[in-house]
Colleague: 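Mind having a look at this structure? Questions to follow.
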Amino acid sequence: MSAMKATPFNSIPLHGWTFKQGDRSSDKEWLGAGDPPTEVHRDLARHGKAPDYRQDLNELAVRWIGDETWTYRTTFGRPAEEHGQDGGIKAVLNFEGLDTFATVYLNDDLILSSDNMFRQHQVDVTCKLADENTLEIEFESARLKGLELVKQHPEHRFIVHQTEISRGPVRKAQYHWGWDWGPILMTCGPTKPITLETYTCRLDNLHVRYELSADLKTVNGSVQLRHAGEGELSVELVNNRTGTIEWSANKLQQVGSGTEPNLYEAPFELHEVQLWWPRGYGAQSMYTVRAVAQVANGKGSTLVLHSISQTTGFRKVELVQEPDAHGQSFYFRINHVDVFVGGSCWIPVDNELSRHHPSSDTSSSSYRDWVQLAAEGNQTMIRVWGGGVYEPDAFYAAADELGVLVWQDFMFACANYPADPGYQESVYLEARQNVRRIRHHPSVVIWAGNNEDYQIVERYGLQYDVEDKDPESWLKTDFPARYLYEYLLPKVVKMETMGVPYHPSSPFGNGKSTVLKVDPTIGDVHQWNVWHGTMQPYQQLPEMGGRFVSEFGMEGYPHLDTLEKCITRPEDRHPGSMAMDFRNKAIGHSRRLLSYVSENFRLRQDLEGFAHLTQVMQADAVGCAYRGWRRQWGSGEENRQCGGVLVWQLNDCWPTVSWAVVDYHGVPKPAYYAIKRAMQPVAVGVQRRFRDWTLRPADELWQRDTSHIDMRSLWEDVRFDVWAASNGQSDCEKARLTVRFISVRTGKEVAKTLVKDVAVGTLNGTAEVMRDATVDVPEKPQCSREPYDTSKADPFVIYVTLQVDDRLVSSDCSWPDPIKYLSFPDRGVKVNYPNKSTAVVTADKPVKGFVFSELPEASLDDNGFDIMPGEERKVTMKAKSDYSIDRLKWRYVEMN
């Protein structure tokens with residue numbers, strides 16, 4: 001290596017940070033800060049200068065922080081390996097992420113200006129280091145800078161939903177401006193690690209490009225990487241399952257040019273490759289690619305200058321969009337197998353992201369825990385929503401390991417974004433960096449351009465001509481971001497990945513389907529006419545779907561323990577208190593939530609009782625939708641009416657009342673278990689014909705009776721459907737399906753039990769067992785000039801079970817709607833505890849909505865279920881400490 005000293009790559013975290021209010025010239029006091037990753041709200045809280053925004057109304061007490069400038073500073077010495085330009089050893093400051101408008105000075109010299117939270121920066125400081133160095137970073141207010149940018153671009157029509165207009169031109173996590181489930185918390189700071197790297201050789205941009213043969217047994221591809229500096233390169237591919245080296249190469253060809261001259265490549269071929277499969281369809285086989293640069297040290301051995309590695313998996317993904325009997329299909333085909341994906345949408349895990357960064361020693365929960373929770377809930381996909389962040393590597397690695405597919409949005413949401421040249425360049429670099437970082441994960445099966453931005457086009461009449469195919473002309477319209485979504489971003493995905501589908505938006509139906517105008521025949525849909533919009537009864541959700549439902553939801557309270565942690569004053573712990581209303585950010589939340597609860601259940605005024613009813617109602621709505629839309633998966637390629645469903649949302653970013661099915665502390669709500677049951681590999685469903693008692697036309701009422709109440713729907717003229725669903729991976733050929741009709745009042749059966757054998761073993765779809773079936777109930781109140789004699793009524797539950805070899809694999813039940821018309825005295829509920837981790841629940845009469853009040857210390861395998869006489873519901877608990885399940889409170893609908 002001539003006179004240059006060969007030095008291994010070294011990355012040194014910078015410690016000893018302080019911060020202060022104002023810019024570098026401010027005379028404010030310097031205070032101790034956490035080492036990156038950190039952010040200003042956390043650092044202020046360390047000194048008692050900011051309350052916990054997650055409690056009570058404290059969010060209001062910290063909003064001032066987001067309108068200030070903050071400066072962070074550290075000092076460090078000259079690294080031992082750094083010899084300057086003559087020594088040939090480079091020194092680079094690596095900023096993994098700065099939030100957001102950051103100006104960086106090294107020894108009073110400006111070395112970096114950043115205005116994009118989603119970008120990483122590497123700054124060569126080889127000739128700038130002194131024996132003692134001072135690094136300072138000024139963070140300006142993103143909100144105020146955003147308002148300045150709006151004024152600077154009067155040519156653009158800035159429109160944003162949910163928040164104030166300042167977020168439109170700023171490349172920062174959009175939910176920081178607040179959302180209808182989260183607080184306004186305008187963070188800033190070094191939210192990802194900052195390190196000083198020294199090296200004579202650096203490897204990065206490692207990538208396995210490949211294609212699978214038609215029979216999926218052979219992989220042909222190449223390993224690419226960037227190599228700057230000296231050293232001989234070698235690469236190898238290791239089978240993680242066996243530990244064997246499947247392929248290696250000691251010579252790589254330089255293929256780079258232009259802006260990337262240091263790109264190298266080696267072709268490879270693998271036979272009898274082990275595929276990566278989604279959870280429930282096969283093994284998650286992974287391979288590790290390793291690259292090493294080394295030199296001879298003159299003593300008969302070698303010195304490794306730098307080595308890097310990453311894991312990947314081989315799979316083929318297709319987004320099937322073909323004409324069919326229902327319009328144009330939209331579903332995923334993985335390794336030639338059609339996959340119905342049931343899962344959830346994901347928002348950032350916290351408003352203070354540094355709190356959960358994998359490198360932070362203060363992280364209270366891991367990304368793997370969250371992905372595992374989804375996987376254990378039989379969820380096969382997580383959609384990373386476009387108003388948050390590109391998640392840390394740990395998130396995608398967990399999805400790879402656990403077989404959970406990832407739908408990845410680019411970070412745009414609910415706005416009309418600009419597309420001036422400077423903004424385009426920033427977005428282009430952001431997209432390339434993040435696609436490159438994430439692309440090796442086999443779990444990532446689709447990129448989408450944004451979340452709901454085409455809704456803005458329709459609502460505000462922006463210019464959008466589907467027939468115009470000229471990207472340059474789009475920049476001259478009042479919707480210039482079309483250039484980003486339909487030209488720039490798909491170009492990046494195509495350039496940086498192989499075979500991963502791109503979708504312009506979620507939702508998107510080629511100009512035919514948006515959030516406002518749901519076209520069920522094409523693309524994906526966000527179905528918000530339950531809760532938002534026309535506020536349809538949630539029982540109608542199965543008829544309100546589309547080719548792929550990528551958003552829908554229903555609100556529900558978290559468990560009481562979570563509410564009591566964030567509402568600290570006992571006098572505020574009741575529905576409708578100021579603190580409770582402040583906690584729920586959804587527009588019209590009190591009216592909407594109360595409407596859905598009161599339409600279906602008898603209201604409770606105490607917090608515990610009302611919270612329970614919202615949970616049961618949320619679980620009913622979500623479970624109804626998953627069962628109904630999974631039913632529409634059909635029984636073959638020609639009948640894939642619905643390709644998947646993703647609930648809004650899996651998680652919360654703070655303790656709140658929202659659509660999340662798991663709360664901020666990682667505690668599932670009953671709706672989580674409703675999804676888990678509906679998405680079992682083999683599942684049964686039952687649905688009786690729904691008569692909407694809330695919106696029936698007046699002329700129809702006069703034909704039947706003089707009330708808007710249709711009493712007959714409770715116990716007579718009952719028509720119902722029964723079906724079985726399977727993902728095609730079951731080892732059972734046949735299952736026995738049983739239908740019982742059980743009196744709510746007495747717990748006895750009111751009609752003959754029906755039994756049928758159903759073939760489910762290789763069924764990748766649904767088998768329709770009964771359609772529009774009826775049941776003969778002996779005693780019915782008769783319509784006459786007198787009022788109905790409800791004492792003669794005997795409303796009943798339709799209870800369906802699916803058994804294999806006398807083993808119960810799935811059950812479902814259909815209650816008369818609405819539940820509030822029923823009486824639930826004397827249920828005879830018993831809960832026995834055979835041991836500290838097991839509870840067995842039984843009842844003499846049908847029980848609606850049995851819920852254990854879960855805690856972070858104790859996770860359950862089932863919860864929020866209905867109980868029928870003659871059955872036992874066994875619940876198993878996994879505790880993080882010496883905790884006994886009998887300490888968990890429980891309740892059910894109409895429990896005294």
Side-chain angles (χ1 to χ4, degrees), residues 203-227 232-256 263-294 304 306-319 332-339 393 396-406 435-447 493-501 729:
L203 306 179
D204 64 4
N205 198 23
L206 183 62
H207 182 35
V208 179
R209 298 178 62 88
Y210 69 90
E211 289 184 348
L212 281 160
S213 61
D215 62 4
L216 306 180
K217 293 183 178 181
T218 302
V219 172
N220 283 284
S222 65
V223 174
Q224 293 182 348
L225 75 157
R226 191 162 50 199
H227 176 206
E232 296 295 324
L233 279 176
S234 64
V235 293
E236 63 182 21
L237 201 59
V238 178
N239 184 319
N240 289 7
R241 190 175 296 268
T242 64
T244 58
I245 298 174
E246 301 277 350
W247 167 87
S248 63
N250 293 320
K251 290 186 178 180
L252 283 78
Q253 181 180 0
Q254 187 171 2
V255 295
L263 193 64
Y264 289 78
E265 180 181 65
F268 73 92
E269 183 174 276
L270 293 183
H271 298 280
E272 301 300 326
V273 66
Q274 295 178 358
L275 299 176
W276 182 93
W277 289 91
R279 184 179 181 89
Y281 289 84
Q284 288 74 55
S285 299
M286 299 290 290
Y287 291 76
T288 296
V289 57
R290 298 187 182 123
V292 177
Q294 54 191 0
V304 174
H306 195 197
S307 65
I308 57 175
S309 66
Q310 67 185 24
T311 59
T312 192
F314 299 114
R315 53 92 181 99
K316 182 176 182 179
V317 55
E318 300 169 81
L319 177 59
F332 291 91
R333 182 174 290 156
I334 311 295
N335 300 334
H336 298 335
V337 175
D338 297 350
V339 176
D393 294 334
Y396 304 100
D400 292 344
E401 176 193 348
L402 297 166
V404 177
L405 302 172
V406 175
V435 173
R436 283 184 173 185
R437 178 173 65 86
I438 296 169
R439 64 188 174 186
H440 63 94
H441 294 285
S443 55
V444 179
V445 295
I446 185 173
W447 285 85
V493 172
K494 184 177 181 180
M495 178 171 53
E496 299 292 347
T497 72
M498 291 187 69
V500 179
Q729 307 302 309

Colleague: H441: what forms a ring pair (Phe, Tyr, Trp, His ring centres under 6.0 Å) with it, not counting sequence neighbours?
Modeller: Y396
Colleague: Out of the candidates N220, L275, L270, only one should pair with L212 under the side-chain contact (heavy atoms from CB on, under 4.5 Å) rule; please name it.
Modeller: L275
Colleague: Which heavy atom of M495 sits nearest to which heavy atom of R209, and what is that distance?
Modeller: O-NH1, 3.7 Å
Colleague: Which atom names give the shortest non-hydrogen contact between S443 and A399, and what distance separates them?
Modeller: OG-CB, 3.6 Å
Colleague: Would R437 and D393 count as a side-chain contact (heavy atoms from CB on, under 4.5 Å) if you check the C-alpha gap in whole Å, the side-chain angles of each, and the deciding distance to 0.1 Å?
Modeller: CA-CA 8 Å; R437 178 173 65 86; D393 294 334; 2.8 Å; yes
Colleague: Strictly by salt bridge (charged side-chain N to carboxylate O under 4.0 Å, His left out), give each pair with a member in residues 240-254 just once, sequence neighbours left out.
Modeller: none
Colleague: Between H207 (side chain only) and H440 (backbone N and O only), is there a donor and an acceptor less than 3.5 Å apart?
Modeller: no
Colleague: Working to the nearest 0.5 Å, report the span between CD1 of I334 and OH of Y281.
Modeller: 9.5 Å
Colleague: What closest approach, in Å, do L252 and A249 show between heavy atoms, and which atom pair accounts for it?
Modeller: CD1-O, 4.4 Å
Colleague: Just do the side-chain contact (heavy atoms from CB on, under 4.5 Å) check on W447 and I438 with the steps written out, would you?
Modeller: CA-CA 11 Å; W447 285 85; I438 296 169; 4.0 Å; yes
Colleague: Is a side-chain donor or acceptor of Q310 paired with a backbone partner of L206 at a separation under 3.5 angstrom?
Modeller: yes
Colleague: For the side chain of D215 and the backbone of K217, is there at least one donor-acceptor N/O pair under 3.5 Å apart?
Modeller: yes
Colleague: So, N239 side chain and Y287 main chain: donor-acceptor pair closer than 3.5 Å or not?
Modeller: no
Colleague: Roughly how far apart are Y264 OH and R226 CZ, rounded to 0.5 Å?
Modeller: 12.5 Å
Colleague: What do you reckon, is CD of E232 surrounded by more than 12 foreign heavy atoms closer than 6.0 Å?
Modeller: no
Colleague: Where do H271 and T218 come nearest, in terms of heavy atoms and distance?
Modeller: ND1-OG1, 3.5 Å
Colleague: To check you understand the geometry: which heavy-atom pair defines the closest contact between V235 and A291, and what is its length?
Modeller: CG1-CB, 3.8 Å
Colleague: Y210 side chain to R315 main-chain N or O, any donor-acceptor pair under 3.5 Å?
Modeller: yes
Colleague: Between CD of E496 and CZ of R436, what distance do you get to the nearest 0.5 Å?
Modeller: 4.0 Å
Colleague: With distance as the sole test, does E236 use its side chain to make a donor-acceptor pair with the main-chain N or O of V289 at under 3.5 Å?
Modeller: no
Colleague: Determine whether Q284 and E401 satisfy the following criterion, side-chain contact (heavy atoms from CB on, under 4.5 Å), listing intermediate values before the conclusion.
Modeller: CA-CA 6 Å; Q284 288 74 55; E401 176 193 348; over 6 Å; no
Colleague: Are the side chain of N205 and the backbone of Q224 linked by a donor-acceptor contact shorter than 3.5 Å?
Modeller: no
Colleague: So which atom in V500 and which in V317 form the shortest heavy-atom distance, rounded to 0.1 Å?
Modeller: CA-CG1, 4.4 Å
Colleague: To the nearest 0.5 angstrom, please state how far the CD atom of Q253 sits from the OG atom of S222.
Modeller: 10.5 Å
Colleague: Give a yes or no on whether I245 atom CD1 has more than 12 heavy-atom contacts from other residues, nucleotides or ligands under 6.0 Å away.
Modeller: no
Colleague: Just verifying a value: how many Å separate L233 CG and N250 CG, rounded to the nearest 0.5 Å?
Modeller: 10.0 Å
Colleague: Look only at the side chain of W276 and the backbone of D400, and say whether a donor-acceptor pair between them is shorter than 3.5 Å.
Modeller: yes
Colleague: Do E211 and K316 come close enough that some side-chain heavy atom pair is under 4.5 Å?
Modeller: no
Colleague: With a cut-off of 6.0 Å (strictly less than), are more than 12 heavy atoms of other residues, nucleotides or ligands near CD of Q254?
Modeller: yes
Colleague: Rounded to the nearest 0.5 Å, what's the gap from CD on Q274 to CE on M286? Could you check?
Modeller: 12.5 Å
